[in-house]
Amino acid sequence: MAEINNRKISDLISEFPFLTSFFSDNGFEISGKEELTLSEYLAQFDEDEIEDKAIDIDNVAFQINEFIKQMIAFLGKEDDVVQTVTILPGYDKSGVAEDFEKLVIEQGQIICIVGPTGSGKSRLLGDIEWVAQGDTPTGRSVLINGEIPDKKWRFSSADKLVAQLSQNMNFVMDLSVYEFVELHAESRMVQNRDQVIEKIINKANSLAGEVFTPDTPITSLSGGQSRALMIADTAILSKSPIILIDEIENAGIDRKKALSLLLSEDKIVLMATHDPVLALMGDRRIVIKNGGIYKVIDTTDEERKILSTLEKMDRTLLAYRTKLRQGEIITKIDNT
Amino acid sequence: MNLVTISGPPSSGKTSVILKTIVSLKKQGLKVAVAKFDCLYTDDDVLYKKAGIPVRKGLSGALCPDHYFVSNVEEITNWALKNEFDILISESAGLCNRCSPYIKGIKAVCVIDNLSGINTPKKIGPMLKTADIVVITKGDIVSQAEREVFASRVNTVNPSAIIMHINGLTGQGSFELSTLLYEEALNIDSLKGMELRFPMPAALCSYCLGETRIGESYQMGNVRKMKVED
Ligand SMILES: Nc1ncnc2c1ncn2[C@@H]1O[C@H](COP(=O)(O)OP(=O)(O)OP(=O)(O)O)[C@@H](O)[C@H]1O
Ligand SMILES: Nc1nc2c(ncn2[C@@H]2O[C@H](COP(=O)(O)OP(=O)(O)O)[C@@H](O)[C@H]2O)c(=O)[nH]1
Ligand SMILES: [Mg+2]
Ligand SMILES: [Mg+2]
Ligand SMILES: [Zn+2]
Ligand SMILES: [Zn+2]
């Protein structure tokens, strides 16, 4: 830390360019002061300024050090490859041990989670997100790549095991699609930003029916377009190896394509759903009862055949919805 | 007993998070009480009582609630010690974005919400920058991208904090927070000799003391004038 204090600001920034955002977000004006060492820079604040700007002088070097450490770790590492997530059994709400030896979920799989309200679906997702080590109400443990996971999965803000596609599709920012994705790319320190942004917008447009442009304000996207943008953005920009989905509404978006986009980015998809079309798209489904994993069912070949019939019915329903929307009068059931 | 100070802008979700977290603390066999500090009005105490949680409240009225907090925290701590609680949680609304109620050696949690805008982390002073744990709420109503951008901004202004996401409505994440609050090593039997983490501004002008009249001759004490260019 002493070392940082004695280095010139210009030096620090040329070695660690990301410190620019540290200085600006913390309200440190450094232009024209680059030739000072950090401690000289901090020493020039008088008492009034320290009070006005609420500067914690003693803490600055410590926080910079911490920030540098995190950023180096973040930039330097290969993306973590999470090939498998293993769930080891715990207990249901009555304290009865769960009846399975271990449950291994692999990269590229879609796992559905079903069960009545209050049965413990969110708790299971919570156990995975917190990489439980027998220290949650269920007593379950979670392994990553077969091993007891690194603590960073719990505490680092840059390495989250799980990204979540919200049910709710409001954007609160007032930005264009391009600016929005750019902001996300910036926070993820993405290198070839323009290409990545273009890719995300193209993918999103292939999921949604109606096309939007990069300069469309995000707040004026339709429900389907927002959902598509969010899925494409999460698939491509979010580093989290696991994606949680709480239902994907069946409107304005090609759900099958959306799932295959997520899988093509090597994600594990966990989906809580009651929609039979989605549930059968999964490779397996976990049935939760009274807080415990009650059954794990592999989707059968017969179910897959039934799925295509269900999908057809789904499309039929959707077609009628579209007709209604367009003000048509429905006269007969079209069974083609 | 552990004292835990929880602070954050109004309506950021402090009460919701505390209520959900206490459910898990109780399941761990801990006896929890709450001290609620606010400025003009609060009915949080009713919510705590309804949940069966012993609570004391203080309204600072004309004072900055954080100043009021420091002046009263010792008494409230003694109350909790006398009643043999295991944890006393203080909830205070950070109103001036400048003061913070955090004390050295006492766990400090800041609660802010995803809806407050991505530039908010820059604007909040020591209340955010010197917290040990930052809880971000209302993730359910924004996108994954917005959550990630917001969390990374928080991380930039307070790299050493643990950042947690909690849904104040469903309580998702509150069990996890509950495991980080109580530490044997942080037990106290008084606040004597303890210090604030960060000094509060010495803003004591005549208006702080109730002056209402406008004009130079009424302005006394610590008065600063802005430069207004012609
Ligand atoms: N095995 C368990 N042991 C003890 N408590 C449990 C267990 N599983 C779940 N719980 C608790 O039961 C409650 C309800 O669980 P949860 O919120 O996960 O249900 P859910 O299936 O997500 O419900 P919904 O469909 O309403 O979202 C929670 O408080 C959770 O912590
Ligand atoms: N959607 C959503 N609403 C929340 C969340 N947390 C709190 N709220 C709501 O936000 C409002 C303010 O919460 P409250 O706990 O009273 O905030 P406080 O003033 O900081 O104590 C209440 O209406 C809560 O129900 C959350 O995670 N998601
Ligand atoms: Mg749930
Ligand atoms: Mg409150
Ligand atoms: Zn104040
Ligand atoms: Zn004043």
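Residue numbers begin at 1 in each chain, while the letters A, B, ... track the order of the sequences.
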Measure the spacing between CD of A:Q164 and NE2 of B:H165 and express it to the nearest 0.5 Å. 11.0 Å

Between A:S21 and B:T156 the two heavy atoms that sit nearest each other are O-CG2, 3.7 Å

The reported gap from OG in B:S143 to CD1 in A:I231 (rounded to nearest 0.5 angstrom) is 12.0 Å

What residue, out of A:P137, A:S24, A:G126, has the most heavy-atom pairs lying under 4.5 Å from chain B? A:P137

Listed pairs under 3.5 Å, donor-acceptor, residues 22-30 of chain B side chains, sequence neighbours left out:
unit_1, atom_1, unit_2, atom_2, d
B:K26, NZ, B:A51, O, 3.4
B:Q28, NE2, B:S24, O, 3.3
B:Q28, NE2, B:S178, OG, 2.9

Considering only heavy atoms, give the residues of residues 102-114 of chain B separated from chain A by less than 4.5 Å, sorted numerically, with 'none' for an empty result. B:N114

In terms of heavy-atom pairs under 4.5 Å with chain B, the winner among A:L229, A:I50, A:D135, A:D56 is A:D56

Can you see whether A:Q70 engages B:N155 through a side-chain donor-acceptor pair at a distance of less than 3.5 angstrom? yes

Is the count of non-hydrogen atoms from other residues, nucleotides or ligands lying under 6.0 Å from A:D174 atom CG greater than 12? no

Please enumerate all residues that pass salt bridge (Lys or Arg N to Asp or Glu O under 4.0 Å) together with B:R147, with sequence neighbours excluded. none

Okay, A:F18 and chain B: the region with an atom under 4.5 Å from a heavy atom over there is neither

Residue set satisfying salt bridge (Lys or Arg N to Asp or Glu O under 4.0 Å) with A:K69, at least two apart, ordered chain then number -> A:E66

Is the shortest heavy-atom distance from the side chain of B:P159 to the side chain of A:F62 under 4.5 Å? no

Give me the atom names and distance for the closest heavy-atom approach of A:F155 to B:I162. CD2-CG2, 3.6 Å

Test side-chain contact (heavy atoms from CB on, under 4.5 Å) on B:T179 and A:W130 and set out the steps. CA-CA 11 Å; B:T179 63; A:W130 186 242; 3.8 Å; yes

For atom NZ of A:K203, is the number of surrounding heavy atoms from other residues, nucleotides or ligands below 6.0 Å larger than 12? no

Could you report the tightest heavy-atom contact between B:N158 and A:Q63, atom names first, then the distance? OD1-NE2, 3.1 Å

In Å, rounded to the nearest 0.5 Å, how long is the span from CD of B:E146 to NE2 of A:H184? 10.0 Å

Determine, step by step, whether B:E176 and A:R154 satisfy the side-chain contact (heavy atoms from CB on, under 4.5 Å) criterion, reporting the C-alpha distance in whole Å, the side-chain angles of both residues, the deciding distance to 0.1 Å, and the verdict. CA-CA 10 Å; B:E176 287 75 4; A:R154 272 192 189 182; over 6 Å; no

Could you go through the side-chain contact (heavy atoms from CB on, under 4.5 Å) check for A:N26 and B:K129 one step at a time? CA-CA 9 Å; A:N26 283 285; B:K129 293 184 184 174; 3.5 Å; yes

Test your reading of the model: is there a side-chain donor-acceptor pair from B:Q144 to the backbone of A:A163, 3.5 Å cut-off? no

Structural part of A:S122 lying under 4.5 Å from a heavy atom of chain B: both

Is B:E148 reaching over with its side chain to a backbone N or O of A:S238, donor-acceptor style, under 3.5 angstrom? no

With a 6.0 Å cut-off (strictly less than), is the heavy-atom count around CD of A:E49, excluding the residue itself, greater than 12? yes

Can you see which heavy atom on B:I118 is nearest to which on A:L183, and at what distance? CD1-CD2, 3.4 Å

In terms of heavy-atom proximity below 4.5 Å to chain B, should A:I64 be classed as side chain, backbone, both, or neither? neither

